[in-house]
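All residue numbers refer to positions in the sequence shown, counting from 1. The shown structure was predicted, so the numbers you read here are calculated from the model rather than taken from an experiment.
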Amino acid sequence: MRRFVVSLLVLVLTAAIPALAEEAAPAQVGRVSFVSGQLAFHTAGETEWSAAAINYPVATGGSLWTGPRSRAEIRVGPQTIALSADTALDVTKLDEQVMRVALPQGRVNLHLRELGEGNSVAIDIPRGAVWLLQPGIYDIDAGSADQPARVAVFEGSARFVGGTVDIGVKAGEAAVIAGTDTLTASSERAAPDAFAAWCRSRDYQKDRLAAPYYLSPRMTGYEELDAHGSWRQVADYGDVWYPKSLRAGWVPYRDGNWVWVAPWGWNWVDAQPWGFAPSHYGRWAYLDGGWGWVPGGYVQQPVYSPALVSFLDDPGATLAAASRAPVVGWFPLGPREPYWPSYTNDSRYIQAINAGIVRDPARLDRASYLPLTNRGAATVVPQRAFANPGRLARAALRVSDPAVQRAALAAQPPGIRPGRE
């Protein structure tokens, strides 16, 4: 009987899946790691600015803007981009090989900790483009119509190309680019100021972290784990990270909110400072009376996912009884439970996003998709709250465990768009 129910459920899920994109989504993304003052953002195709918070995902097509007397920081795997006040930053391309951003105004400080073979990092400014050639520390001021641009290299080496100017910038130098129709370049000593000193105060020492022993530094958000938890060896699961100082009743994917970011759709933004990596990679397990994050086997280039959860369907309004209105429910995937993206059917991408989690991702098929382990940790909220920016823990409904267990699995995230609710 159980086998029949499982087969029927898989058949229903497969029939409900719409046509998906053939292209794979980017494996790499950034995250907002610090905000002081005001940081606004909008994603590709949008024109209205919204406030950005910690752990907001930064992807191709996204734009960020700091207000007066404000500072912000973006981290992409092991790399850090700090934004000074009154700075506009557009993400032109961001994937596992290329990081290219446009800096139409303002100033950024970049700490490039790795630059693999075949990878490139470039910053476009109004007068040209700056290419970062080595790991190092760089400070770039876009300048303005009446102020020169400045490319300072504290460590590493860079190259500026614009107009008839093509120059290299070595460690300890700063190139000053002036002019409009005809550009001129001069060199001076790279001298750190208060902003550069603040950027260094935000640095972390990679060789002092425990996390790189268990995780690839290309996993965005990995550097936050050491300060907020500890690692233990657990039978059957391997290395497991346990967050500390969790309040009673805490469950994954409840304290935070959902945001719409292309090409993935709904992405989870966790409210905890450490919440990025455990929300977008690995799986969660309830072990010995507490929640532990199971990253799985070591993967050199981990693939970002918008949220490793399974959504619930409520055709009989079983869950909605608690609110007498439409609801949305979800729960965290458990160890070895595969994740099926709703935004692509690229087979290599699906294998890559499940690498290190399922035993043989090359042989994965939808018949194995029946996440059950963490169903009792489901979060259910009114549909009107799902698309709003507020923290959803406050909106979570009390739903009986039998009701959650009876609810069917949804084939995809809810078809709600921002602003419609």
Any non-hydrogen side-chain atom of Leu115 less than 4.5 Å from a side-chain atom of Leu132?
no

Side-chain heavy-atom pair Val101, Leu94 within 4.5 angstrom cut-off:
no

Can you say whether the rings of Tyr304 and Trp264 are parallel (under 30°), tilted (30 to 60°) or perpendicular (over 60°)?
perpendicular

Counterpart residues, salt bridge (charged side-chain N to carboxylate O under 4.0 Å, His left out), relative to Arg363 (two or more places apart)
Asp360

Quick one: are Val251 and Phe331 in side-chain contact, heavy atoms under 4.5 Å?
no

May I ask you to decide if the ring planes of Trp231 and Tyr214 are parallel, tilted or perpendicular, using 30° and 60° as cut-offs?
parallel

CG/Asp124 to CG/Leu103 distance, rounded to the nearest 0.5 angstrom?
9.5 Å

Measure from the side-chain N and O atoms of Asn267 to the backbone N and O of Pro57, and report whether any donor-acceptor pair falls under 3.5 Å.
no

Roughly how far apart are Arg218 CZ and Gln300 CD, rounded to 0.5 Å?
4.5 Å

Within the distance-only criterion (no hydrogens, no angle test), does the side chain of Asp226 pair as donor or acceptor with the backbone N or O of Ala211 below 3.5 angstrom?
yes

Between Val261 and Pro306, is there a side-chain heavy-atom distance shorter than 4.5 Å?
no

Thr379 vs Arg254, test: side chain to side chain donor-acceptor pair (under 3.5 Å). Steps then yes/no.
CA-CA 6 Å; Thr379 297; Arg254 181 171 295 173; 2.8 Å; yes

If you take all heavy atoms of Ala191 and Phe154, which pair is closest and at what distance?
C-CE2, 3.9 Å

Is there side-chain contact between Glu173 and Val153, with at least one heavy-atom pair below 4.5 Å?
no

Listed once per pair and sorted, the side chain to side chain donor-acceptor pair (under 3.5 Å) pairs that draw on residues 70-86, sequence neighbours left out
Ser33-Glu73, Glu73-Arg75, Glu73-Arg202, Arg75-Glu223, Thr80-Arg113

What is the minimum heavy-atom distance between Val269 and Ile54, and which atoms define it?
CG1-O, 3.6 Å

Measure the spacing between CG of Asp346 and CD of Gln351 and express it to the nearest 0.5 Å.
9.0 Å

Minimum heavy-atom distance between Leu333 and Pro338, given as atom pair plus value
CD1-O, 3.7 Å

Do the ring planes of Trp291 and Trp250 sit parallel (below 30°), tilted (30 to 60°) or perpendicular (above 60°)?
perpendicular

Does the side-chain contact (heavy atoms from CB on, under 4.5 Å) test come out yes or no for Gln28 and Gln301, once each step is laid out?
CA-CA 8 Å; Gln28 185 66 285; Gln301 180 56 69; 4.3 Å; yes

Any side-chain heavy atom of Thr92 within less than 4.5 Å of one from Val98?
no

Taking the six-membered ring for Trp, are Phe311 and Trp266 closer than 6.0 Å centroid to centroid?
no

Please state whether the rings of Trp268 and Trp330 are parallel, tilted or perpendicular, taking 30° and 60° as the class boundaries.
tilted

With side-chain contact (heavy atoms from CB on, under 4.5 Å) as the criterion, how do Ile177 and Ile167 come out once you've worked through the C-alpha distance, each side chain's angles and the decisive distance to 0.1 Å?
CA-CA 10 Å; Ile177 316 299; Ile167 60 170; 4.1 Å; yes

Between Phe160 and Ile125, does a side-chain contact (heavy atoms from CB on, under 4.5 Å) hold up when you go through it step by step?
CA-CA 10 Å; Phe160 172 83; Ile125 59 178; 3.9 Å; yes

Gap separating the CG atom of Asp90 from the OG1 atom of Thr60, nearest 0.5 angstrom:
12.0 Å

ring-ring contact (aromatic ring centres under 6.0 Å, His included) pairs, two or more places apart, involving residues 57-113:
Trp49-Trp65

Looking only at non-hydrogen atoms, find the nearest pair between Asp95 and Gln97 and report the distance.
OD1-N, 2.8 Å

Which label fits Tyr349 and Tyr343: parallel for a plane angle under 30°, tilted from 30 to 60°, or perpendicular past 60°?
perpendicular

If you round to the nearest 0.5 Å, how far is OG of Ser50 from CG of Leu39?
11.0 Å

Test item: Arg107 side-chain N/O and Arg150 main-chain N/O as donor-acceptor pair under 3.5 Å
no

So which atom in Arg159 and which in Asp166 form the shortest heavy-atom distance, rounded to 0.1 Å?
NH2-OD2, 2.6 Å

Have a look at Trp274 and tell me which of Tyr222, Trp293, Trp241 forms a ring pair (Phe, Tyr, Trp, His ring centres under 6.0 Å) with it.
Trp241

Between Val29 and Val76, what is the shortest heavy-atom contact and its length?
O-CG1, 3.7 Å

Would you confirm whether Asn55, through its side chain, and Gln272, through its main-chain N or O, come within 3.5 Å as a donor-acceptor pair?
yes

Backbone N or O of Ala175 within a donor-acceptor pair of the Ser187 side chain at under 3.5 Å?
no

Is there a side chain to side chain donor-acceptor pair (under 3.5 Å) between Arg200 and Asn109? Walk through the geometry before answering.
CA-CA 10 Å; Arg200 300 291 69 77; Asn109 186 288; 3.2 Å; yes

Under 3.5 Å: donor-acceptor pair, side chain of Thr66, backbone of Thr87
yes

Between Trp340 and Leu364, is any pair of side-chain heavy atoms under 4.5 Å apart?
yes

Could you tell me whether a side-chain N or O of Arg375 sits under 3.5 Å from a main-chain N or O of Pro332, the two making a donor and an acceptor?
no

Dump the intermediate steps for side-chain contact (heavy atoms from CB on, under 4.5 Å) on Val299 and Tyr281, then the final yes or no.
CA-CA 11 Å; Val299 177; Tyr281 311 89; over 6 Å; no

Do Asn388 and Asn257 have side chains that get closer than 4.5 Å, going by heavy atoms?
no

Taking Glu337's backbone N and O only, do any of them form a donor-acceptor pair with Arg283's side chain (distance below 3.5 Å, no angle check)?
yes

Would you say the side-chain atoms of Tyr138 pair up with the backbone N or O of Ser157, donor to acceptor, closer than 3.5 Å?
yes

Value rounded to 0.5 Å, distance of CG in Leu209 from CG in Leu215:
10.5 Å

